[in-house]
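Side-chain atoms are counted along with the backbone in the values below, which use heavy atoms only and exclude waters and symmetry mates.
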Amino acid sequence: MGLLDAILGRSKPVRPDLDQLFAVPSAALTLQAATGFTPTGRGSVCFAGVEGGGFARLQEDVRELLDADTERGGIPVEFSRDAYGYTWLLATHPADDTAGLVNDLHAVNTMLQDGGFGPHLLCSLIGFRNTESTDGRSLALVYLYKRGTFYPFAPLPGDAEKRDNQLELQVRGALGDDLRVEKDLSRWFPVWGAPGW
């Protein structure tokens, strides 16, 4: 940051640190011990869609890379578009293979970033479920690409779009030593209907 930036109160944006994703498998163990939530084996990457042949080729390269193990029983990736026009890539692994899931999510983010589409990346999501509860409680750890931070998203069971803020704060406290948790609560955006639960 230069002197003029300091005088005008401007700051440099945080550079994405995709390696933060590799902290999720150990954080998942902490989360399970503290709250009873276990990984679902499902995760997704959200990005703003881009028109053009270069992006379409990159999307096919991502599919080819992640679907390489389908002949050995792997589950193919799925692409979908949400109501807001964002594209979601859903990757699925066995629930006990959080490391494999994180590797796939990291690879997708890296390929998009290296392909020049980093500004279009929004977030990655890793799904968790509380198998001890009878109401099927779910939780997601959301990685904000542009901030290099995580936050918990915990919708309340049912059809109403309401969040369990108490659980989200509990998860923040439990994972503070494992993950770089987003400090600005106004950036804990809801991801209603996101694939990856």
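Phe153 and Trp192 have perpendicular rings, their planes meeting at more than 60° on a 0 to 90° scale where under 30° would count as parallel.
Between Leu169 and Arg172 the shortest side-chain heavy-atom distance falls below 4.5 Å. The closest side-chain heavy-atom distance from Phe150 to Gln20 is below 4.5 Å. Counting only heavy atoms from C-beta outward, the side chains of Thr149 and Tyr151 never approach each other to under 4.5 Å. Side-chain contact between His93 and Ile75 is absent, with no heavy-atom pair separated by less than 4.5 Å. A heavy-atom distance below 4.5 Å is not found between the side chains of Trp88 and Leu122.
Atom CG of residue Leu112 and atom CG of residue Leu18 lie 10.0 Å apart, to the nearest 0.5 angstrom. Within the model, atoms OG1 of Thr38 and CG of Asn130 stand 7.5 Å from one another, a figure rounded to the nearest 0.5 Å. Note that the CG atom of Leu167 and the CZ atom of Phe37 stand 4.5 Å from one another [nearest 0.5 Å]. In this structure, CE on Met111 lies 11.0 Å from CZ on Phe117, to the nearest 0.5 angstrom. Note that CD of Glu60 is 7.0 Å distant from CZ of Phe79, once rounded to the nearest 0.5 Å. Between atom OG of residue Ser44 and atom CG of residue Asp104 there is a gap of 12.5 Å, rounded to the nearest 0.5 Å.
Between Val62 and Leu89, the closest heavy-atom pair is CG1-CD1, 3.5 Å. Nearest heavy-atom pair across Leu125 and Ala194 is CD1-CB, 4.0 Å. Minimum heavy-atom separation, Ala154 to Leu139: CB-CD1, 3.8 Å. Contact between Ala23 and Asp178 at its shortest, heavy atoms only, is CB-O, 3.6 Å. Residues Pro39 and Ala28 come closest through the heavy atom pair CG-CB, 4.0 Å. Of all the heavy atoms in Leu121 and Gln113, the pair that sits closest is CD1-N, 4.3 Å.
A single hydrophobic cluster is seen to contain both Leu21 and Leu179, as judged by linkage of ILVMFWY side chains at heavy-atom distances under 4.5 Å, directly or through other members. Phe47 and Leu90 are not part of a single hydrophobic cluster, where members link through side-chain heavy atoms under 4.5 Å apart. Note: the hydrophobic cluster containing Leu29 does not contain Phe128 (ILVMFWY, side chain heavy atoms under 4.5 Å, direct or indirect links). Both Phe22 and Leu66 are part of a single hydrophobic cluster, where members link through side-chain heavy atoms under 4.5 Å apart.
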*In sequence, state the C-alpha distance, the side-chain angles, and the governing distance for Val171 and Val181, and then conclude on side-chain contact (heavy atoms from CB on, under 4.5 Å).*
CA-CA 10 Å; Val171 170; Val181 178; over 6 Å; no
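Heavy-atom contacts from other residues, nucleotides or ligands closer than 6.0 Å to CG of Asp184 number more than 12. The neighbour count for Tyr86 OH, taken as heavy atoms of other residues, nucleotides or ligands under 6.0 Å away, does not exceed 12.
With Lys146 contributing its side chain and Pro119 its backbone, the two residues share a donor-acceptor pair below 3.5 Å. Asp67 contributes a side-chain N or O that, together with a main-chain N or O of Val77, makes up a donor-acceptor pair within less than 3.5 Å. Side chain of Ser124 to backbone of Leu105: no donor-acceptor contact under 3.5 angstrom is found.
Ion pairing between a basic and an acidic side chain is recognised when a charged N comes within 4.0 Å of a carboxylate O; Arg137 and Asp164 show such pairing.
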